[in-house]
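I am attaching a structure below and will ask some questions about it afterwards.
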Amino acid sequence: MSTPHQHVAPPTGTKLPASGEPSRTSRREEVVAPVSAWEEIRGLIDRKDAYAVAIRVTGLDEEARGEVAANLPGYLKTLRGRQESWERLDEHAEVLRAAGAGVLPGAAAVATWLNRRDFSSRWSPPYGDTRRIMTILAARPAEWRADLARRLVLRLRTAEDRGMELALALLRETGTEVPAHDPVVVGWAGAVAGLPAPHRDPLFDVMLPRLFEAQGVGRALQWESDPDRSLLRALRTLAATDGARRSELLQGCVRRFLLGGSVTELRFFVRLHEALDPTPHEIEPLARDYLRLLPAAPGPVAELALRHLRGLDALDVLDPLDLLEGWEAVLFRPERKLVRAGLTWLDQRVRLSPGLAASVAGPLATVLAADSVELQERALTLAIKYAGLMDDEGRGVVRDALGALPPDLGRRAFEVFGGEEPVEAGPRDGFDPPALPRPEAPRRMPEPIDSVADMVSLLNDSDDWQAWERLLAGFVSLVHRDRAGAAAAFEPLLAGRYEYLYGEADHWDRAQRWQRVDHWLIGAVYSLVGIAPERGIWRSRLSNPRYVSPPHLLLLHRAAEIQMAVEQDVVPPLLLATPTLTTGHVEAAELVTRLEVIEAAGAKPLAADLQQALIRLPREPDGEAAERAGRLSSAAGRLVARWLSGTRIADPVVEMGWSHPAPGHDNSGRNHSGELRPVPSVRAQATGQLLVDRTFATSSGRGDGLHLAWWPSMFPSHREVAAAHLSRHLLNHPWYHPTVQTSHLRELARLDGPPGAAVALLLARMLGDPDTPEAVDVLLTMAGRGDLPAAELGRRAAELVEYDQTKLVHLTAALESAARQGAHEEVWTAVAAALPSLLPRAGRRPRHGLAGFVELAATTAAWCGARGVIPEIEAMAARKGSSGLLREARRLHGLLTAKEG
């Protein structure tokens, strides 16, 4: 017996047949034999008509639902058989979900069906069928739907789960108890954050207390920053009208702070706490909790706690032991801003209650041992100020901490607290620099790879440029030596795995471009085996030079000519450009020997291979090798002879500029057309060799930046040119564009040629990135070689700071580390060059971290015994004020202008 079904309204604009008028379906039914329910549903699934399936399944009787339920799971295999093995059923997902929601009997079965992994791929968007599924489920019993809601909630794994919207909709409709499951809380928080009135959501009351407990809520809400909009506004409005809710929110924030977490995880709760703007009377019952936050909470949370404790202290309600606990906690923190605020709090409180002076020795002693001269001076000033109010024990605590003070502060402290008289420091203030690392000699390159199995294993699994140079050399030698044997060895290992390279023309109506060296090598193997579907592919698949970076283009030409040589059966006995040293150099004598082998075989060298070999020659002329090359009969021999005689390319002129975003654009790099990026300019004397001249110039576009790890080795005698090309890929860009890594910088440090603005820019960027601490080792390596462009490094670092591509505190930390490891003279040169650009003009606020940078300048100047006036420092030292920046500027100016001896 048929059961009544829930009516589902057709989409807007759908024209239904008039009453009494037979529909097209009914006309067909007059002439077509009746079909079973499953056959009808299957046809709708094949047409991907989820709307029609929703209507049909809600009208099925029990027998028909059973028939469809029995056949539906098995039909998935049929659908998958129509697709590639790696594809999922994304296009059928909504129609299959509609069918399963309507016919599967149990809530457990429906929950499993709706969450099948093969319905969506990793890149599929969230399901957009919530209203449809809810309509289909409306005919189910309330208890059954409540059970389904609980099961769907517990299946959620993250807040981005595609089933989140349906789970929340069922929870709202059924009113069932929400399971204790963090992902649903996080998902709900993200969903209601965009609603105009989140507090009217049916789930609000039950979810609100869980916001402060569920892991992940803070990250989901980290962008909620406007207290006049969205969830922050709703919670602030609720707190203003409901005292109990206000107390709940305030206590919830504090409870969340005590649970701990990163700055990102707690950012929303900090903003909520400040939007509530609690009074000192509201803070008082929570004072112990705020004190517990001071020692180890993230900086913004500790700053918040300190500010409210100081406000509470103004009411004189904190116990002296609580005060001492707070001072000890905040003055032990690493953040200078917090320590300064803590010292100010201590000073203000002791002035009001002098009896507390007996307790401040311990907290002040902590700061006297800090790694900041500015903080040490502030703490010492307070210790001297209250020394007369301390007892003997307190004065002894301060006296024991004086050993960490620099000499000038130590002398001030000795006059008040006694102890050991400070010894006059030498010109380096006691600094004994370690020796810089000695430069390593370049190693010999391993032999070419001549095993076919090893070659195939490297095709997709290696970005090691040395392995690929050896692979190309081994492939060419193998094919020349035994073409038939090489073809027989390669054929079973390929088995048509790379046919995609010969795909159809793309939407630009031109053949697919081969952008990687391995593409061309695979093409060469296809031509070798005799299964390439076309000839002359280098004419259509080589990239347009206007859209490819010059080093990448040279690599592609080298690879393309190998494919061409295989196709035309003119493969030479060996390659000329295979490096003999791991720096990328090709030794002159070895290059001539290779030319002799090619000439003896009656072959010709490959053009791009020869030009790359010329670029890889050492910088010094080699008369003996030039004489040998001059005896060769080939044009290539004569060309190499001229280059080895000293007529090769001169060092180009490299300049660095910047492409600035349009006014008002965010410099985050998220916009293709308006991103901030370095723009190098390379000017070199023409050599008459097309690829050489193109490579020693800069193109208008950045290119895709493929094979970046290969680029330094292509210019072993001209590292500034390599750095100029790499600089286009220095900053983080959107999508898939690769960026320069410290491994590339390390390769540049081993090369020859005068470094300049481009090398300095790459090094400055890496030094300013806390995720690349290896950059300090690169600086030390170059300093040990004596070729670090220190002044240029400082100027480029200042540019990066000015353009908000580097944080000054990170740059300072890296340079300080390098200075302490022996590069103090180079660091002083860099810092001195950067200071004029970083110091603020009169009336402007200094950038964050500048005081620490000037402190580093003063420290390294003392270690180097530097002398000479920096006008900008002199002007700043003359300004009125007592800030840490001004104190450090005066100290630096005093060191630079002190008399010798």
Side-chain angles (χ1 to χ4, degrees), residues 1-10 37 41 50-70 72-73 93-116 119 126-157 159 161-189 191-192 195 197-210 214:
M1 180 175 180
S2 297
T3 58
H5 65 268
Q6 176 77 26
H7 176 68
V8 180
I41 297 296
Y51 168 71
V53 166
I55 294 177
R56 191 69 188 94
V57 295
T58 55
L60 296 176
D61 59 22
E62 185 175 352
E63 181 180 352
R65 285 199 303 270
E67 177 192 353
V68 177
L72 185 60
E94 291 195 3
V95 68
L96 290 169
R97 280 165 54 87
V103 302
L104 296 176
V110 172
T112 301
W113 181 263
L114 293 175
N115 285 280
R116 288 189 67 101
F119 284 176
Y127 294 122
D129 60 355
T130 298
R131 293 181 61 185
R132 183 186 303 122
I133 298 297
M134 292 292 291
T135 303
I136 294 171
L137 297 175
R140 304 277 194 168
E143 185 178 346
W144 186 97
R145 284 182 290 132
D147 184 24
L148 176 62
R150 287 189 292 270
R151 292 178 183 275
L152 290 178
V153 167
L154 294 176
R155 282 180 172 271
L156 298 173
R157 293 294 174 263
D161 198 298
R162 295 181 183 90
M164 179 65 69
E165 185 178 350
L166 178 60
L168 291 175
L170 277 170
L171 287 175
R172 292 185 180 105
E173 182 182 273
T174 61
T176 187
E177 181 181 355
V178 181
H181 193 49
D182 285 358
V184 74
V185 181
V186 180
W188 174 83
V192 300
L195 299 179
H199 60 286
R200 295 178 183 171
D201 186 276
L203 299 176
F204 185 84
D205 288 341
V206 68
M207 291 294 196
L208 182 59
R210 300 188 187 183

Note to self: Quick one, Leu72 with Trp113, criterion side chain to side chain contact (heavy atoms under 4.5 Å, CB included). Give me CA distance, side-chain angles, the key distance, then yes/no.
What the structure shows: CA-CA 10 Å; Leu72 185 60; Trp113 181 263; 3.5 Å; yes
Checklist line | Intermediate values then yes/no, side chain to side chain contact (heavy atoms under 4.5 Å, CB included), Val110 and Trp144 | finding: CA-CA 11 Å; Val110 172; Trp144 186 97; 3.8 Å; yes
Result block: side-chain N/O donor-acceptor pairs under 3.5 angstrom for residues 99-107, not counting sequence neighbours:
none

Note to self: Looking at Glu67, I want to see if its CD is surrounded by more than 12 non-hydrogen atoms of other residues, nucleotides or ligands under 6.0 Å.
What the structure shows: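 Counting other residues, nucleotides and ligands, CD of Glu67 exceeds 12 neighbours.
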Check: Are side-chain heavy atoms of Val68 and Leu60 found at a separation under 4.5 Å?
Finding: yes
Margin query: List the residues meeting side chain to side chain donor-acceptor pair (under 3.5 Å) with Thr176, not counting sequence neighbours, and say none if there are none.
Written below: Arg150
Check: Do you know which two heavy atoms are closest between Leu156 and Gly163, and how far apart they sit?
Finding: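 Closest approach of Leu156 to Gly163: CD2-C, 4.0 Å.
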Checklist line | Considering all heavy atoms, the nearest Val184-Pro179 contact | finding: CG1-O, 4.4 Å
Check: Residues in side chain to side chain donor-acceptor pair (under 3.5 Å) with Asp182, at least two apart?
Finding: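 Testing Asp182 for side chain to side chain donor-acceptor pair (under 3.5 Å), a comparison that skips the adjacent residues, returns none.
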Check: Looking only at heavy atoms, what is the nearest atom pair of Ala37 and Ala64, with distance?
Finding: CB-CB, 3.8 Å
Item checked: Results of side chain to side chain donor-acceptor pair (under 3.5 Å) for Asn115 - residues two or more places apart only -> none
Item checked: Backbone N/O of Tyr127 and side chain of Arg162: donor-acceptor pair under 3.5 Å ->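 Answer holds: no.
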Next item on the list: Sorted by first residue and then second, give each salt bridge (charged side-chain N to carboxylate O under 4.0 Å, His left out) pair with at least one member in residues 132-143; sequence neighbours left out.
Entry: Glu94-Arg132
Check: Given the rule in the side chain to side chain contact (heavy atoms under 4.5 Å, CB included) test, do Leu168 and Leu203 qualify, once you have shown the distances and angles that lead to the verdict?
Finding: CA-CA 9 Å; Leu168 291 175; Leu203 299 176; 4.0 Å; yes
Checklist line | Side-chain heavy-atom pair Trp188, Val178 within 4.5 angstrom cut-off | finding: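 Side-chain contact under 4.5 Å: no.
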Notebook entry, point to check: If you look at every heavy atom in Met207 and Val185, which pair is closest and at what distance?
Noted result: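 Scanning both residues completely, I find the closest heavy atoms to be SD-CG2, 4.0 Å.
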Next item on the list: Show the numbers, then the answer: is there a side chain to side chain contact (heavy atoms under 4.5 Å, CB included) between Met134 and Leu166?
Entry: CA-CA 8 Å; Met134 292 292 291; Leu166 178 60; 3.9 Å; yes
Next item on the list: Give every residue pair that meets the salt bridge (charged side-chain N to carboxylate O under 4.0 Å, His left out) criterion with at least one member in residues 51-60, sequence neighbours excluded.
Entry: Glu40-Arg56
Margin query: So which atom in Pro202 and which in Arg172 form the shortest heavy-atom distance, rounded to 0.1 Å?
Written below: CD-CD, 4.1 Å
Margin query: Within 45 degrees of the ring normal and closer than 6.0 Å to the centroid, is that where the cationic atom of Arg97 sits relative to Phe119?
Written below: no
Next item on the list: Report the distance from atom CD of Glu165 to atom CG of Leu170, rounding to the nearest 0.5 Å.
Entry: 11.0 Å
Next item on the list: Rounded to the nearest 0.5 Å, what's the gap from CZ on Arg155 to OG1 on Thr112? Could you check?
Entry: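 These two atoms lie 3.5 Å from each other.
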Notebook entry, point to check: For the residue pair Thr130 and Ala169, what are the closest heavy atoms and their distance?
Noted result: CG2-CB, 3.9 Å
Next item on the list: Hey, could you give me the OG1/CG distance between Thr58 and Leu137, rounded to the nearest 0.5 Å?
Entry: 11.0 Å
